[in-house]
Amino acid sequence: MEYLFYTFSGLAILFSLGVVFARNPIYSGLSLVTTLFFVSGIFVLLHAPFIGVLQILVYTGAIMVLFLYVMMLLNIQEEQIVGTRKHLMKWMHLPLIVVIFFIFKSLILVPTFSDIPVDEKFGSVFNVGESLLGSYVLVFEIASIVLLAAMIGVVVLTKKTQKEKP
Amino acid sequence: MSLSFFDSNMLSALIRIALTTGTILGVIVYLMVWAERRVSAFIQGRLGPNRVGPLGLLQGLADGVKFIFKEELMPSEANKFLFLLAPFAAVLPAILAFAPVPYGMKIIDGNVVPAAIANLDVGVLFVLSVTSLGVFSIILGGWASNSKYPVLGGLRAAAQVISYEIPMGLAIMAVLLVAGTTNLTEIVQLQSEGAWFVLICPIGFLIFVVSIFAETNRLPFDMPEGETEIIGFHAEYSSMKFAMFFMAEYANMVTASCIAVLLFLGGWEFLPFVSWSKLSAVAGVSIYEQGFWWLLPVAWFMAKVSFVLILFIWVRWTLPRFRYDQLMRLGWKKLIPLSLLNIVITMLIVMWVV
């Protein structure tokens, strides 16, 4: 099981670096898709298959599709790096290396997966549903109201610009 | 060491993967392409391909050879990497989606072991999420061609697939409400003794069937291809890369038909209220436990799936293609409200009747 974890996390880190460093925004977006895929693999290893599947269903299948859709419609060109920024970029990797070092250090200290005792039904659809609508019902409802407000806001904003056009 | 199809070790898992994907891509998709042409011909009063091999069964082989030997064309301004990636991005989810689909089961030492590549507890959701990845191939294929019509075709197709995912998901949700589980094998077992779920939520079945027609880009919703008047996302593809898009489409059809049968039509069970175990008890054999009797329900399952697949062809030559705005109106203004209503009705049925 451990080698799977290192494969998934290593590839996830690799592709998330791709998100940042790819010149072509389409490649950036596709790297993010791949990263999310591997992260969902880690969720499955953590005995949470439901969250892992939702990760693909919501982020990869819905949100990233819309991201790419918009990117392709806008037809963004490859990033042109100007001189001053390039100068700055030269030193950007230093903090990154430090962060990666600490992530790897903490990973080595993480107990192996077989050590974690889990309940039979842990991470199942039933358990996630029960905790969302049971112990965390208030937070869940507040989150849904905030999302609804955002959705209505978007509809109102886009309607306004449409009215001004003619 | 005796090796069984149902063991949970690595080797038998590899055997299951090889057998299942091989059967789907090599046999079922192949026969489906042949049946598509023969049944179309039958509906239109023609003969169809009948020259290559008996009943024209080797026609697919001849077509495959033709596809391989055709010239590979790539637009000079295309993004080469993504252009090559798109057909693979179409085939991969199509095969991957079949992983949790059970096509039979066996009882070993009192435990139910489904005949599937993987027995996932989140089987339904896995299929939904993996099939939703297929849309990337449409967007990438259209965009990477760097040509006007494929880009427009890709955007049109992607919008269609995303839109029809919603009523499909909601129709499945109604079934999950009745079943109370997302494991496909358990859903079939729940239908074995009682009514099939098509009898409990018939509206859901209708919505689901319409949605899978749109999801797999079949007539009357074949806007993504639209080979006669509007051009689809794979206009610039030729040779084997084009064939891969088609293989993925047929593999998707097989998966969608399997899910329709498992969720609504009782899976491998005989008839509503008449299960195989009841029937075999009369005959004096325990069908899921002894020898190779478990292949009988598998064959029955195949028969049901073939029926749904024939339905795909039947509808193709019965209904004309929708216009794009009609398609979107049907999806957003009719199917989504109807599927929400279906969920409410199903909830009431679950609360008071079942």
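Throughout, protein chains are lettered first and strands after them, A, B, ... in sequence-line order, and every chain is numbered starting at 1.
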By residue number, those in residues 144-153 of chain A with heavy atoms under 4.5 Å from heavy atoms of chain B are none
Value for CG (B/N79) from CD1 (A/I26), rounded to nearest 0.5 Å, stands at 8.5 Å
**Report entry** Steps toward side-chain contact (heavy atoms from CB on, under 4.5 Å) verdict (A/L57, B/L128)
**Finding:** CA-CA 7 Å; A/L57 189 64; B/L128 260 183; 4.2 Å; yes
Applying a strict 4.5 Å limit to non-hydrogen atoms, the region of A/V58 in contact with chain B is neither
Of all heavy-atom pairs linking A/V53 and B/F126, the shortest is CG1-N, 3.8 Å
Counting only heavy atoms not in B/Y149, do more than 12 sit closer than 6.0 Å to its OH atom?
no
- [ ] Could you walk me through whether B/L82 and A/Y27 pass side-chain contact (heavy atoms from CB on, under 4.5 Å), step by step?
- [x] CA-CA 9 Å; B/L82 294 182; A/Y27 287 153; 3.8 Å; yes
If one checks every heavy atom of A/V65 against chain B at 4.5 Å, the contacting part turns out to be both
Requested in this report: Taking the side chain as every heavy atom from C-beta outward, state whether A/T60 and B/F136 have any atom pair closer than 4.5 Å.
Outcome: yes
To the nearest 0.5 Å, atom CH2 of B/W143 lies from atom CG of A/L68 at 9.5 Å
Answer key: most heavy-atom pairs under 4.5 Å with chain A among B/T131, B/L120, B/L140, B/L85 is B/L140
Whatever's closer than 4.5 Å to a heavy atom in chain A on B/I162 counts as side chain
Taken in chain and number order and not counting sequence neighbours, the residues that satisfy side chain to side chain donor-acceptor pair (under 3.5 Å) with B/R156 are none
Value for CD1 (A/I56) from CG (B/L125), rounded to nearest 0.5 Å, stands at 11.0 Å
Problem set entry | OH/A/Y59: more than 12 non-hydrogen atoms of other groups inside 6.0 Å | no
Honestly, the part of B/L133 sitting under 4.5 Å from a heavy atom of chain A is side chain
Closest non-hydrogen atoms of B/V122 and A/P49, given as atom of the first, atom of the second and distance, are CG2-CB, 4.1 Å
Applying a strict 4.5 Å limit to non-hydrogen atoms, the region of A/L30 in contact with chain B is side chain
Smallest heavy-atom separation, B/S132 atom then A/G61 atom, equals OG-CA, 3.5 Å
When the 4.5 angstrom heavy-atom criterion is applied to A/F37 and chain B, the contacting part is side chain
Rounded to the nearest 0.5 Å, the OG1 atom of B/T181 sits from the CZ atom of A/F126 at a distance of 11.5 Å
